[in-house]
There are 4 protein chains.
Amino acid sequence: MSDERGGHRRDLDARERILSTTMRMLGVLGYSRLSIGGIAQEAAVGKATIYRSWANKAALVLDAVRVQLPDVPVADIGDSEEEIVAVAETLAEIYGSPTVRLVLSALVSDAAADPELAQRLREELIDQRKKQSVVVLDRAIDRGTLPPDADVSTVLDMWAGLMLFRSLFYGVSLDEQFVRDLVSATLGSPPRTTTRGERPET
Amino acid sequence: MSDERGGHRRDLDARERILSTTMRMLGVLGYSRLSIGGIAQEAAVGKATIYRSWANKAALVLDAVRVQLPDVPVADIGDSEEEIVAVAETLAEIYGSPTVRLVLSALVSDAAADPELAQRLREELIDQRKKQSVVVLDRAIDRGTLPPDADVSTVLDMWAGLMLFRSLFYGVSLDEQFVRDLVSATLGSPPRTTTRGERPET
Amino acid sequence: MSDERGGHRRDLDARERILSTTMRMLGVLGYSRLSIGGIAQEAAVGKATIYRSWANKAALVLDAVRVQLPDVPVADIGDSEEEIVAVAETLAEIYGSPTVRLVLSALVSDAAADPELAQRLREELIDQRKKQSVVVLDRAIDRGTLPPDADVSTVLDMWAGLMLFRSLFYGVSLDEQFVRDLVSATLGSPPRTTTRGERPET
Amino acid sequence: MSDERGGHRRDLDARERILSTTMRMLGVLGYSRLSIGGIAQEAAVGKATIYRSWANKAALVLDAVRVQLPDVPVADIGDSEEEIVAVAETLAEIYGSPTVRLVLSALVSDAAADPELAQRLREELIDQRKKQSVVVLDRAIDRGTLPPDADVSTVLDMWAGLMLFRSLFYGVSLDEQFVRDLVSATLGSPPRTTTRGERPET
DNA sequence: AAGTAAACGAGACGGTACGTCGTGTCTTCCG
DNA sequence: CGGAAGACACGACGTACCGTCTCGTTTACTT
């Protein structure tokens, strides 16, 4: 789809226009007042052109938002603590952004009736950043910055959950201090993996 | 509103019928396919009767769900650890329930365009349970089960965030083992309150 | 409206279906029980499709009725008296028909609050037939069947008024005898044009 | 209904207030925008109080209008021509009044689905004035001002029809000159009664 | 004077229809 | 011949009235 030869250059323009118009109107109107017809009109595009590429409003918005989100920095800079802070700051940037606040709940809501959307939502927004983050935390275990039995997945879900929870319900900004405190507390004593049915020693 | 003079008092039967019909249809149809008109028809009620008491679908569903949610047990049973486990299990029951999964994201989404709904959502669903939980955790601090500088609010938000995150995106069941592990890890080394700008010692 | 560029042209089938369904339901239900929603459902058409072409029920019914009404015969058949009888019979057919009885009063009533409807009603239902009738009566003046100062407009309004009045309030059938008597009486001594303020000699 | 024992008798003030409020609002809003609820509120009266006395909006308006209409003068003043002009002027006042223009068509329209209303409408508005008028025209026959075989009923229906027709569709004022001309033309050569099936000689 | 019962204002109730909007599909015509 | 323009069937929205009903309250007659 990106290597078409000689094809209609206009297609890409249209696609681009649709996505950027979507983001712009999303900011202005919010998700619920956003309509496919409105986007089509604003982007000077036929509605059918949108439906040709996206099944519904949710899929379109998911695509539009996805490309705007920053990647998690996975580069090895020698200091695991600093790497982890960078990871957490990126997560905070994602989960604390006004756009994600506007969109994520709506997508989750729509996903309840659309399993395919649910899968794409999890894979493209959540799991992708999580996999990148896991790389950094696993390296921290190798270096001894985190204990060998640290439950990396739970750590990350807990961070994301806390960030999302506070962003959605309290609208607080997730500032640098919040992130550093969160990382510090976790590094000090992360949740450990447990064998089912067996209580870990504390 | 309750002491108006003259006129036919609000028919409590109708109110009851609306709320229970709402819950029943919510389970069958999900939030997005739920419609005010459908509820009215099913409950043998005029649409106006619904709109007289609730501004929109979200407010109605919020009311219907609210009364179904369990309260957090705050009773002093002597053992703070068991009390905390009970708290966490109730939170898991709330945030892990299929109904909440169906509804919460939709309400949060609608709340983005309706500040009054946002406030009611936070106050009646989130803050109320949180206040009850805080009572138990504060008692644990008094007893020494938790250190004096434990950041109770963050502990609770982290728990709720983790539960909600996993429920929404992974659809996992929040079983007893999960809850006990979560509590254990937190009791072992909870996040501490920090003075802004000052790094806590780890 | 007919030369718009692009887009799906107004579906003439739908238009046709709407008008015929309107006439059919009008006969069954009468004007007041007729509803736009009901017509839409029966014609397998969206309500919006009706509202796209007609501003309200009255405009729709006016259109539906208009095309069903017979034209006044204006052909020169040599005998003015017979021509006039034919004119009067057509007027009687119009003003005496059950459909017109059902519709005209309702349209007039609605027209009280809708000047545009009032104009269309007069132009398309009343004036058009009247203009045709005037042609025949003017020819009768030329031929000497009517006196040169016969007040053609008043004659026609009096006929229409009488027919409508009896149809609306007495529900009588306007049969052939009634029409011939009416024409005879009028031919014998029609109302004359008068100069304002000047009494005609009787 | 008049010998009920005990309790609060029908509040005649209320009845009066309802009728006058109806007339006032009718002038302001027109018939279609007039609502029972609106009248009740404006007259500081419960809706049930209105429904207790009138079956529907049409019956209420009919009552309100009826009492406002002038009676036809039937007094013998010696000169039949002047008497007839007075009759015609009263009819013109009735059929040409803005209120009747507003109301009559609406009532006729509603009457199509309500035979009882239809009867009351004809009896109380039409026939009553007509009977009074017939007295005057019959006297004119006795005096020789009109020929013995003049069809009095048709004369009156023709007048009323013409007046109503012009009032409804052309909104013209029915001035004194119009009335005198109409009477003159009719006196000169009124429609005659005919035996059914037999052509009258002209 | 106290008791009582109908009629009252108010307005909530179950409904019906309104006119608007958004959806996702389909058709027509332009460049 | 691909795409904008937008008409289409559908169905939910939130509003306005309808005509019925159920409340307390206010009389005016009865005892």
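So that the names make sense, note that chain A is the first sequence line, chain B the second, and so on, each numbered from 1.
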- Message: What is the separation between atom CG on C/Asp13 and atom P on F/dA9, rounded to the nearest whole Å?
- Response: 10 Å
- Evaluate the side-chain proximity of C/Asp110 to C/Asn56: yes if any heavy-atom separation is below 4.5 Å, no if none is. no
- Task: Round to the nearest Å and state the distance from B/Arg52 atom CZ to F/dT15 atom C1'.
- Result: 12 Å
- Query: Would you call D/Asp114 and D/Arg120 a salt bridge, using N to O less than 4.0 angstrom?
  - Reply: no
- Note on the structure: Of the candidates F/dA4, E/dG15, E/dC8, the side chain of D/Thr49 sits closest to E/dC8
- side chain to side chain contact (heavy atoms under 4.5 Å, CB included) assessment of D/Leu121 paired with D/Leu104: CA-CA 9 Å; D/Leu121 175 58; D/Leu104 203 51; 3.9 Å; yes
- Using atom CD of D/Gln41 as one end and atom C1' of E/dC8 as the other, report the distance to the nearest whole Å. 16 Å
- Do D/Leu107 and D/Tyr31 touch side chain to side chain, with heavy atoms closer than 4.5 Å? yes
- Would you indicate whether the side-chain heavy atoms of D/Val45 and D/Arg17 approach each other to under 4.5 Å? yes
- Item | Sugar-phosphate, base or nothing in reach of C/Ala40, heavy atoms under 4.0 Å | nothing
- Message: Nearest whole Å is fine: how far is F/dG11 P from B/Leu29 CG?
- Response: 14 Å
- Whole-Å distance separating the CD atom of B/Glu42 from the C1' atom of E/dG15: 16 Å
- Message: If you define the side chain from C-beta out and look only at heavy atoms, does anything of B/Ile39 sit under 4.5 Å from B/Leu60?
- Response: yes
- Message: I need the CD1-C1' distance between B/Ile39 and F/dC13, as an integer number of Å.
- Response: 13 Å
- Tell me, for nucleotides 16-21 of chain E in 5' to 3' order, what letter each nucleotide earns: B for a base near a protein heavy atom under 4.0 Å, S for only sugar-phosphate near one, - for neither? -SBBBB
- Message: Rounding to an integer number of Å, can you tell me how far A/Ile50 CD1 sits from F/dG2 P?
- Response: 19 Å
- Distance in angstrom units between A/Leu60 CG and E/dG22 C1', rounded: 15 Å
